[in-house]
Amino acid sequence: MSSVLTSRKDDYAQWYNDIVLKGGLADYSAVRGCMVIKPHGYALWENMQHVLDKMFKDTGHQNAYFPLFIPKSFLSKEAAHVEGFAKECAVVTHYRLKNDPNGGGVIVDPEAKLEEELIVRPTSETIIWSTYKNWVQSYRDLPLLINQWANVVRWEMRTRLFLRTAEFLWQEGHTAHATREEAIEETRKMLDVYATFAEEYMAVPVIRGVKTANERFAGAEDTYCIEALMQDGKALQAGTSHFLGQNFAKAFDVQFSNKENKMDYVWATSWGVSTRLVGALVMAHSDDNGLVLPPRLAPLQVVIVPIYNKDMEARKRIDDTAATIMKELKAKGISVKYDNDDNTRPGWKFAEYELKGIPVRIAMGPRDLENGQAEVARRDTKEKASYQLEGLAASIEQLLADIQQQMFERALKFRDENITKVDSWDDFVKVLDEKAGFISAHWDGTPETEEKIKEMTKATIRCIPLNNEQEAGKCVLTGNASSQRVLFARAY
RNA sequence: CGGGGAGUAGCGCAGGCCGGUAGCGCAUCUGGUUUGGGACCAGGGGGUCGCAGGUUCGAAUCCUGUCUCCCCGACCA
């Protein structure tokens, strides 16, 4: 079979681009740094949305929607927050165009300058907290548990499909609580939601951890994260959950009367995952033949490909059998498509559905039917086997579950094999260059050392794992005392 | 913003040094034969060669300017 993809071994970055483009997930757009999400990619995102949305609602959250535009003055109210986002904000300065009197087409009307410029949201903390001020008076109004599905814009210098684009889709949860403890509990709870989603649906194992000061969200007291490992040994932050303390409450004066009738500032959290998850999914599982999608998120779970010949009666038998199987699969909630398009031949279809990552393919020809069988191929391992038509739907249901499970286990094994304990600087550099993956090493806890390591190796501290084992040791760079190991990696 | 690469048919590319009717593969359309891993035969359609100037009898090709995209880096989810 002629491969349409660059192989991972030859050029990992190019392989990723190829697979996103040729797998039908996205296209480049006319706008620099922005992508068009195509139906297959968007269906994947929709499936993620549905699952996450249910998880958010099951944990008591409601959806709302806040404006795309943020008054410039809002952004400057929380010092650390401005610092973090100022460099990548798109700004709306005018509200009208007009025809160029010199005939150069349409131009910005200089008369139509905005009194106060508007920022296209890079995240919504400021607009949301300015609103929450009006919503919260009493402890009885708390907790306030809101999520929004939205697009945001961050003017990135360098972009990559799904992983980092100027505009991206995400959800952002913003909650307000009466106590510090409750807000921290919320932060951790949502981190667990993300971890569960990543592992049980995306089949991507993640490490839950807390970020160091250097990597913390601008304006947060603590940033929790889930970190995943991609096939090239680079780490990817797949989701974050922030404990914001009272920073935004103070910046936007969000106070409430507590049970003792005293005024207090509320405690805040925010948490988000984005379309970046699609990129994570691709890089965690896919291979040189195309996408490999976990059954629980795949836009299409099963495709049936008929193998026709000249015998029209045999053709009808295949069509009828396929119709029966489809009905049984659909009754089990399994998505299935029958591709009897006569313009492409079976081999072409096989390759195409592999490229698209459809988890299970059923092929049926006259020979199979004579034996009361169908050929079933699984995308993850590319194994093929003959299955009895009798009870096929149940077998497929089981197979989908097995694929989901095995994809996770394979990724977990890879991840665990690529966490390397290192106790010397030489080994640190060597492992980073030769093996990559996560490096578990002692760190003296100072931002300066972390920064130095980043400058020297491009590796950052991805997180301090939760429930981390306490172990006395010496910092891998400075030799200073350390009480625990942290995870380093080069990251996306 | 630095370094590298690239813009020629829907996609992938050749042609350019040495200016002279714009080509190849895939895709597409028509007809036929086919169908168990990206089918075959025959015929057809499709192009302001990124854009703007310039040189020239004549520019995809030479010159100047400009825009865009990709990769690597700085910044970041």
Side-chain angles (χ1 to χ4, degrees), chain A residues 1-6 11-18 20-22 27-35 84-89 122-123 152-172 194 211 214-218 223 225-228 235-242 270-280 289-290 305-312 314-315 318 340-355 361-370 373-375 377 382 384 386 454-455 458 460 462 490-492:
Chain A
M1 183 182 72
S2 65
S3 178
V4 296
L5 301 176
T6 304
D11 185 342
Y12 193 84
Q14 192 55 47
W15 165 80
Y16 176 79
N17 284 331
D18 281 0
V20 169
L21 296 169
K22 292 172 182 165
D27 246 339
Y28 292 114
S29 74
V31 186
R32 181 213 297 267
C34 295
M35 65 175 173
F85 287 105
K87 287 166 293 187
E88 50 187 28
C89 286
T123 177
V152 285
V153 169
R154 296 180 188 176
W155 216 259
E156 300 290 350
M157 289 173 177
R158 196 174 148 231
T159 56
R160 299 197 64 185
L161 294 166
F162 286 111
L163 299 176
R164 180 168 296 105
T165 46
E167 179 193 14
F168 58 94
L169 307 183
W170 78 346
Q171 57 70 217
E172 46 182 324
Y194 289 154
K211 290 288 190 189
N214 287 2
E215 300 283 323
R216 195 178 291 155
F217 174 75
T223 287
C225 63
I226 51 172
E227 291 285 328
L236 184 138
Q237 177 177 303
T240 49
S241 184
H242 314 291
S270 70
W271 28 273
V273 295
S274 71
T275 37
R276 179 177 235 210
L277 290 180
V278 175
N289 293 309
V305 176
I307 313 291
Y308 289 144
N309 60 17
K310 280 183 290 191
D311 182 347
M312 295 309 279
R315 187 176 293 216
I318 294 169
N340 64 343
D341 179 354
D342 210 16
N343 292 315
T344 53
R345 296 161 78 261
W348 192 90
K349 292 174 186 171
F350 293 173
E352 186 62 17
Y353 290 111
E354 278 166 15
L355 185 59
R361 179 186 73 232
I362 302 173
M364 283 190 313
R367 289 209 304 265
D368 297 304
L369 292 198
E370 279 167 28
Q373 295 178 334
E375 181 194 80
K382 298 201 73 193
K384 291 191 277 198
S386 285
K454 186 179 175 184
E455 278 169 26
K458 311 237 186 294
T460 50
R462 301 317 305 158
R490 292 196 177 119
Y492 278 100

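Computed over heavy atoms, backbone and side chain alike; hydrogens, waters and symmetry mates excluded. Letters go in sequence order (proteins before strands), and every chain restarts at 1.
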Atom CH2 of A:W170 and atom C1' of B:C76 are separated, to the nearest Å, by 13 Å

Taken to the nearest whole Å, NZ/A:K87 to P/B:A74 is 14 Å

Note to self: Over all strands shown, is A:F168 touching base, sugar-phosphate only, or nothing at heavy-atom distances under 4.0 angstrom?
What the structure shows: base

Walking RNA chain B from its 5' end, the first of A:G365 and A:Y492 to be reached, judged by nearest nucleotide, is A:G365

| message | I'd like to know if the side chain of A:Y16 reaches the main chain of A:L161, judged simply by a donor and an acceptor atom lying under 3.5 Å from each other, with no hydrogens or angles considered. | response | yes

Whole-Å distance, A:E354 CD to B:G37 P, equals 12 Å

| request: For A:F350, answer base if it contacts any base atom (sugar-phosphate contacts may also be present), sugar-phosphate if it contacts only those atoms, and nothing otherwise; contact means non-hydrogen atoms under 4.0 Å. | output: base

*asked:* Please report the distance separating the C1' of B:G53 from the corresponding atom of B:A59, rounded so that it comes out in whole Å.
replied: 13 Å

* Donor-acceptor under 3.5 Å (A:Y194 side chain, A:G272 main chain) -> yes

TODO: Would you indicate what A:D11 reaches in the nucleic acid, counting non-hydrogen atoms under 4.0 angstrom: base, sugar-phosphate, or nothing?
DONE: nothing

Rounded to whole Å, the CZ-C1' distance (A:R154 to B:C75) equals 13 Å

All stems that RNA chain B takes part in, i.e. 3 or more consecutive Watson-Crick or G-U pairs with distances under 3.5 Å, are B:1-7 with B:67-73, B:10-13 with B:23-26, B:28-33 with B:39-44, B:50-54 with B:62-66

Atom CD1 of A:I307 and atom P of B:U35 are separated, to the nearest Å, by 11 Å

Could you check whether any side-chain heavy atom of A:K211 comes within less than 4.5 Å of a side-chain heavy atom of A:Q237, counting everything from C-beta outward? yes

(message) Taking any heavy-atom pair under 4.0 Å as a contact, classify A:T165: base, sugar-phosphate, or nothing.
(response) base

**Report entry** A:R154 side chain vs A:P122 backbone, donor-acceptor pair below 3.5 Å
**Finding:** yes

Worksheet item: How is A:P366 classified with respect to the nucleic acid when contacts are heavy atoms under 4.0 Å: base, sugar-phosphate, or nothing?
Response: base

Next on the checklist: Do A:N289 and A:L355 have side chains that approach each other closer than 4.5 Å (heavy atoms only, starting at C-beta)?
Outcome noted: no

Scanning both residues in full, the closest heavy-atom pair of A:A238 with A:L277 reads O-CD2, 3.2 Å

When rounded to whole Å, the CZ to P distance for the pair A:R164 and B:C71 reads 12 Å

With sequence neighbours left out, the residues meeting ring-ring contact (aromatic ring centres under 6.0 Å, His included) with A:Y12 are A:W15

From CG of A:N289 across to C1' of B:G37 the rounded distance in Å is 11 Å

**Asked** Heavy atoms under 4.0 Å, any strand shown: does A:L236 hit a base, just sugar-phosphate, or nothing?
**Response** nothing

Open item on the list: Once you apply a heavy-atom cut-off of 4.0 Å, does A:E156 come out as touching a base, just sugar-phosphate, or nothing?
Closed with: base

- What does A:K22 touch in the nucleic acid at a heavy-atom separation under 4.0 angstrom: a base, only the sugar-phosphate, or nothing? nothing

A:Y308 has its side chain closest, among B:C76, B:A74, B:U35, to B:U35

(request) Report yes or no: is the cationic atom of A:R361 (NZ for Lys, CZ for Arg) closer than 6.0 Å to the six-membered ring centre of A:F350, at no more than 45° off its axis? (result) yes

Item checked: Touch class at under 4.0 angstrom, heavy-atom based, for A:K349 against every strand present -> nothing

*Has the side chain of A:D342 got a donor or acceptor atom sitting under 3.5 Å from an opposite partner on the base of B:U35?*
yes

Here the distance between atom C1' of B:C1 and atom CE of A:M157, to the nearest Å, is 7 Å

